[in-house]
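Input: a single structure, listed below in structure tokens.
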Amino acid sequence: MEIKRSFMTAPESQPAQHATQPLPRTLTRDLGQHDAQTVRLQGFLHARRDLGGVQFAVLRDVSGLAQCVGSGLHLPLPESSVEVVGTVRAHPKAPGGYEVQVSEFRVLSAAVQASPLEIPKMEWNVNPETMLDYRYVSLRGLKERAALRVQAELVRAFHQHLDAEGFTEISTPKIVSAGAEGGANLFKLDYFGEQAYLAQSPQLYKQIMVGVFERVYEVAPVYRAEEHATSRHLNEYLSLDVEMGFIDSEEDVMDLENRLLGSIMVHLKQSCAAEFTLLGATLPDVLPRIPRIPLMEARELVNREYGHVVGGKDLDPEAERLLCQYYAEKEGTDFVFVTRYPRAARPFYAYPEPGGELTRGFDLLFRGIEITSGGQRINEYEMLMTSIADYKLNPESLAGYTEVFKYGMPPHGGFAIGAERLTARLLGIANVRYARAFPRDRNRLTP
RNA sequence: GGUCUGGUAGUGUAGCGGUUAGCAUAUCUGCCUGUCACGCAGAAGGUCGCGGGUUCAAAUCCCGUCCGGACCGCCA
């Protein structure tokens, strides 16, 4: 297809002045700093209104929107990439107080087809499925991109905080020969004729790397071949993984996550205020010490306070919601750690408490949903082999996992945060799919 | 995988045995010099998710199937 470039000059405009020295690009958010000056904007044609003798073009760039006014303009289809040169004017009728009086309007790349979604109106009503079917354009919507922007800043804060605490970023294989937590739920892969899998967790590798750098983290996708159909599961999600050595107990790990979340929220407050306003979301307070309640006490609490009896060995989703409701009302916190999970609810490498029934594993609940699982890990070879026997697992199939523990692994523990879950809860997004650009679920492999 | 619920122009929806399948918006054409969900006039745009059945007649009723949403199991 041919890409048309058109160049139009409004009748009353001055001759182009940047033949030798191109005008630097100005972002829409900075218009106010250029009052009465000539600026060059680039962006997408967010909206157009042609009144005959005057045309309004709302231009969208990474920083926001700007209204451009001209006459004699032929406006291409919305979403076309365009460039505008014009004079900034304070105008009482302009959104934001400033607009650009167009002298040159250039189409950099015209849309050849109308957008399937009306980007400016998307926040009114679009079916969820449609939002994902046309993800390549729906992401251009102000609210959609705001969510991903927040997530990017969240990840940035994760890096910054851990770097400041002496952690080293690692990168572990996503193509693996076996799962860290057993063989189920793994996507199979043909690796030059050998059976391979997509990693469901960097668990083993981050533990190995504790033996190298003592404190490590990784930001990477993980893969779960579970055919669940819920608003909080993805088959590919971004895992924010942390592991630290030379700890006294899992309390040290929770302390770290507590500080980390505090930093993340401070960073988001500074960097994403506009996004939170746009999405009508509020940042949580992170208490200096997030409450920690043993699982059995949590089960008793929701029974006592709300008459909800939990079956099974963990908390069910309703119990997670009620527990969070309780702590929000009584202690003013949106976060709560649930600790001392029984061995039956944790993997074989969870560090057992003396007595053998419970582990040093914990979950972190945030606004009604589990966003983290973590704990202290078994670091001694003999204890690990005993645990594997207790779980009735085959030591041979776990040989790849256990090998490193022959070589003096320090006491250590860690956790993983589901980035989309945290983002979704933070922003009031009901389904984690919309906290990811291109979600993968049971029935979606494209776009 | 289970329960409940829903699939109708690009998008969002109305219609729920007989309609030319209606409306809004987007798109196209014409008009319009301050719009901001601009306005006015017109045009084009539909295998009513798919398959089968009942009926003189099915978007509409029945069965199956695929897909979506909510909740559950499981997890981050």
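Chain letters run A, B, ... following the sequence lines, proteins first, then strands; residues in each count from 1.
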Item to complete: In plain terms, say whether A/D133 and A/R444 are close enough for a salt bridge, that is, a side-chain N and a carboxylate O under 4.0 Å apart.
Response: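 So A/D133 pairs with A/R444 through a salt bridge.
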
Worksheet item: Are A/E104 and A/R40 within salt-bridge range, i.e. N to O under 4.0 Å?
Response: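 No salt bridge links A/E104 with A/R40.
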
Just checking [X]: base, sugar-phosphate only, or nothing, at a heavy-atom cut-off of under 4.0 Å?
X: A/T372; result: sugar-phosphate
X: A/Q67; result: base
X: A/D316; result: sugar-phosphate
X: A/R89; result: base
X: A/R48; result: sugar-phosphate
X: A/R321; result: sugar-phosphate
X: A/E118; result: base

So, OP1 or OP2 of [N]: does either fall under 4.0 Å of a side-chain N or O from [X]?
X: A/T130; N: B/U11; value: no
X: A/N127; N: B/G68; value: no
X: A/Y134; N: B/G10; value: no
X: A/R49; N: B/C38; value: yes
X: A/N235; N: B/C75; value: no
X: A/S231; N: B/G69; value: no

Item to complete: Specify the residue among A/P116 and A/P78 whose closest nucleotide of RNA chain B lies further upstream toward the 5′ end.
Response: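 The residue whose closest nucleotide sits nearer the 5' end is A/P116.
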
Fill in: A/Y98 side chain vs A/D30 backbone, donor-acceptor pair below 3.5 Å
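Side chain of A/Y98 to backbone of A/D30: no pair is present.
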
Worksheet item: Which value, rounded to the nearest 0.5 Å, describes the distance between A/L75 atom CG and A/S80 atom OG?
Response: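 The CG atom of A/L75 sits 9.5 Å away from the OG atom of A/S80.
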
Worksheet item: Expressed in whole Å, how much space separates the C1' atoms belonging to B/A14 and B/C40?
Response: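 25 Å, rounded to whole Å.
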
Discussion item. Looking at A/Y341, I'd like to know if the NZ or CZ of A/R346 sits under 6.0 Å from its six-membered ring centre while staying within 45 degrees of the ring's axis.
Written reply: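 Cation-pi check for A/R346 and A/Y341: passes.
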
Discussion item. Counting only side-chain heavy atoms from C-beta out, which of B/C75, B/C32, B/G34 sits nearest to A/Q101?
Written reply: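 Taking heavy atoms from C-beta onward, the closest nucleotide is B/G34.
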
Worksheet item: When the distance from NE2 of A/H233 to P of B/C71 is rounded to whole Å, what number comes out?
Response: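 Checked: the NE2 to P distance equals 12 Å.
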
